[in-house]
2 protein chains.
Amino acid sequence: MAGVSVATVSRALRGLPNVAESTRGRVERAAEALNYHALPSASGLASGHSSNVSIAVPVLNSWYFSEVVAGAEAVLSESGYSLSVTAVPSPEERLGFVRGSAASRAAEGLIMVDLPLDDAEIEMLRAAPLGVVTTGFDCVVFPSVVVDNVGIGFKATQHLIDRGHTRIGLLNGQSEDPLHFTVPNDRARGYEQCLSAAGVSPDPRLACKGNFSTAGGLAAMAELLRLSDPPSAVFAMSDEMAFGAIWAARNAGLSIPEDLAVIGVDNHDLAEMMGLTTICQDVDQHGVVAARRLVEVLEGRGAAAGPVEVATRLIVRTTT
Amino acid sequence: MAGVSVATVSRALRGLPNVAESTRGRVERAAEALNYHALPSASGLASGHSSNVSIAVPVLNSWYFSEVVAGAEAVLSESGYSLSVTAVPSPEERLGFVRGSAASRAAEGLIMVDLPLDDAEIEMLRAAPLGVVTTGFDCVVFPSVVVDNVGIGFKATQHLIDRGHTRIGLLNGQSEDPLHFTVPNDRARGYEQCLSAAGVSPDPRLACKGNFSTAGGLAAMAELLRLSDPPSAVFAMSDEMAFGAIWAARNAGLSIPEDLAVIGVDNHDLAEMMGLTTICQDVDQHGVVAARRLVEVLEGRGAAAGPVEVATRLIVRTTT
DNA sequence: GTGAAAGCGCTAACAA
DNA sequence: TTGTTAGCGCTTTCAC
């Protein structure tokens, strides 16, 4: 329709140089009229590039991960990549996913969200012709995006200490993969370090597991409140657990922040309404930054291996 | 490595018939040892099948849509399909997405979630060699999954009437695409029908827009409470708006359900904790059913066009 | 600046 | 039951 060869069509439509502008125009108009798009599997086969990247998360239906995926999707679709999502709830499935991704070249890039890789997996991915970016753990062989979880625990605890609290409960997450998922441990470490720095010795009875869920936070807080000497404040490792804590206090007839101060982590959508003081970690930015680094890798613009840290900040509201 | 031709490898690995079991075993072992997987773009090009399906949602970072996507992903990955996600926030982007999907054959199946198609879009998709399933609107040309939104509005309102309420507020969603997004209108219709059936004439001042968000529900409820004759109960079209309503009541010093009864729709993760009475619509099942119907289409097992309805049920808790 | 032609790594006839 | 071979629809050399 444009009166040129298939090679010229290919060059023109992909914006390559050495195509006369008049020719490019004719080709583009013809493509438009025919609603022609190159077949991805054919161009992928010929060029070796699929323009497809894959993101793996532990679960899809959680506030945190859907924010990350949304952030990544926005960047990637902007850059012309399609995004395949996979839920990888167990270490076995993680291994299967990594094997498959490394071998099949279905995607040319991979974002592993809060899925720490073991040495064998790292080796498989390193050997594969694949861009890899990780999130949530301190990976040195691939570009990664992390937050300072020790710092988060410290900052949150410090805020409660600044408010005059010394008896501070801890709603811990729970590590399903204790070998590698370090977030809860790091935040707990920050909590302990801060207490020590303030001259308070941590009371292990004040630490409960809340499983990063609202229901877990509710149950854990209820337990803490049954103590003979309950805490006057609590640091929840996620806002969702903090919501549970707020509700447990409410059920116990306590006022917040008078009887119980609460601080969370995330700045969840509901945090503002609930007046929850929190350490905001701009979750969608985790996805955005990871995707940007991946695009850099795929387009050959470096992106040195190693972690990039996303900033966090305290947002004071009415629960403290 | 298995001592056979590429054709036999292809047949053996895809589980086709007419391969000796001993041969299949040798091929599978060799593939395992070499970590060989067929290159998707090559097999896609040769066979015409990409084993890739695409799901489009208005936004990714919302409770509702992440549940739908999670449900679909579970079914599709089980069936051997990869799932590409795209956020399509505006009608213009919807058109672009539909054009691209129809023309490029990047995916062989499409799930459109709460993205009503206009006639031109339906025509493009119908003409394309593509399986299509829609969700959330009553599509007759493609298989679709729907809920009885009029029924939801009726059931919710009836429950409040059964509790003795006659002055019942309505927290409406808001339709961004008023031409096609019928959910809010349908639920409002159910509300009105129920009131009429009970001999109550709807008061338009009791209907507010809450934009399907918690913040919107909070603001809308606050407004209703400022009325000289505020409602004694409120039907929120989503649990997230209901959370806002609960909080507005709390801020106004009202007790729930004594001073204000609240009912929502969804059975959101937090509904149980908040004690929210709601019309459960098993959101993840929307994704599951849509994905299952798509797989049927792609595998040639029929799946007649037209809507399949997902059931809803009342869950009574303490806000009514 | 453009065209001809040789693949990319598979699958699907067809033959054996 | 297995092998041979001709594509699938592009991209990419290499000529011109």
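Small disclaimer: the values here were computed from a predicted structure and weren't measured. Each chain gets a letter, A, B and so on, in the order the sequences are listed, and its residues count up from 1.
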Chemist: Carefully, step by step, assess R292(B) and E78(B) under the rule salt bridge (Lys or Arg N to Asp or Glu O under 4.0 Å).
Modeler: CA-CA 10 Å; R292(B) 279 211 261 263; E78(B) 182 70 24; over 6 Å; no

Chemist: Y36(A) OH to dG9(D) P: how many Å, rounded?
Modeler: 10 Å

Chemist: Could you pull out the closest heavy-atom pair between P129(B) and A102(B), with the gap in Å?
Modeler: CD-O, 4.5 Å

Chemist: For the CZ atom of R99(B) and the NE2 atom of H37(A), what is their distance to the nearest 0.5 Å?
Modeler: 7.5 Å

Chemist: Find the distance L16(B):CG to dC14(C):C1' and express it as a whole number of Å.
Modeler: 16 Å

Chemist: Taking CG from L13(A) and P from dT11(D), how many angstroms apart are they, rounded to a whole number?
Modeler: 9 Å

Chemist: In terms of side-chain geometry, is the basic nitrogen of R26(B) or E21(B) positioned less than 4.0 Å from the acidic oxygen of its partner?
Modeler: no

Chemist: Closer to the 5' end of DNA chain C via nearest nucleotide, is it R14(B) or S41(B)?
Modeler: S41(B)

Chemist: Can you measure L39(B) atom CG to dG7(C) atom P for me and round it to whole angstrom units?
Modeler: 18 Å

Chemist: Just the rounded figure in Å: distance from C1' of dA6(C) to CG of L45(A).
Modeler: 13 Å

Chemist: Any donor-acceptor pair under 3.5 Å linking the side-chain atoms of Q281(A) with those of D266(A)?
Modeler: yes

Chemist: From CZ of R105(A) over to P of dC8(C), roughly how many Å is that when rounded to an integer?
Modeler: 12 Å

Chemist: Indicate whether the side chain of S66(B) and that of N61(A) have a donor and an acceptor atom separated by less than 3.5 Å.
Modeler: no

Chemist: Please tabulate, one pair per line, each protein N/O and nucleotide N/O from nucleotides 2-5 of chain C that are separated by under 3.5 Å, including the distance.
Modeler:
unit_1, atom_1, unit_2, atom_2, d
dT2(C), OP1, T23(A), OG1, 2.4
dT2(C), OP2, A20(A), N, 2.8
dT2(C), OP2, T23(A), OG1, 3.3
dG3(C), OP2, S5(A), N, 2.9
dG3(C), OP2, S5(A), OG, 3.0
dG3(C), OP2, T8(A), OG1, 2.7
dG3(C), N7, R11(A), NH2, 2.8
dG3(C), O6, R11(A), NH1, 3.2

Chemist: Measure CG/L34(A) against P/dC10(D) and give the value in whole Å, please.
Modeler: 12 Å

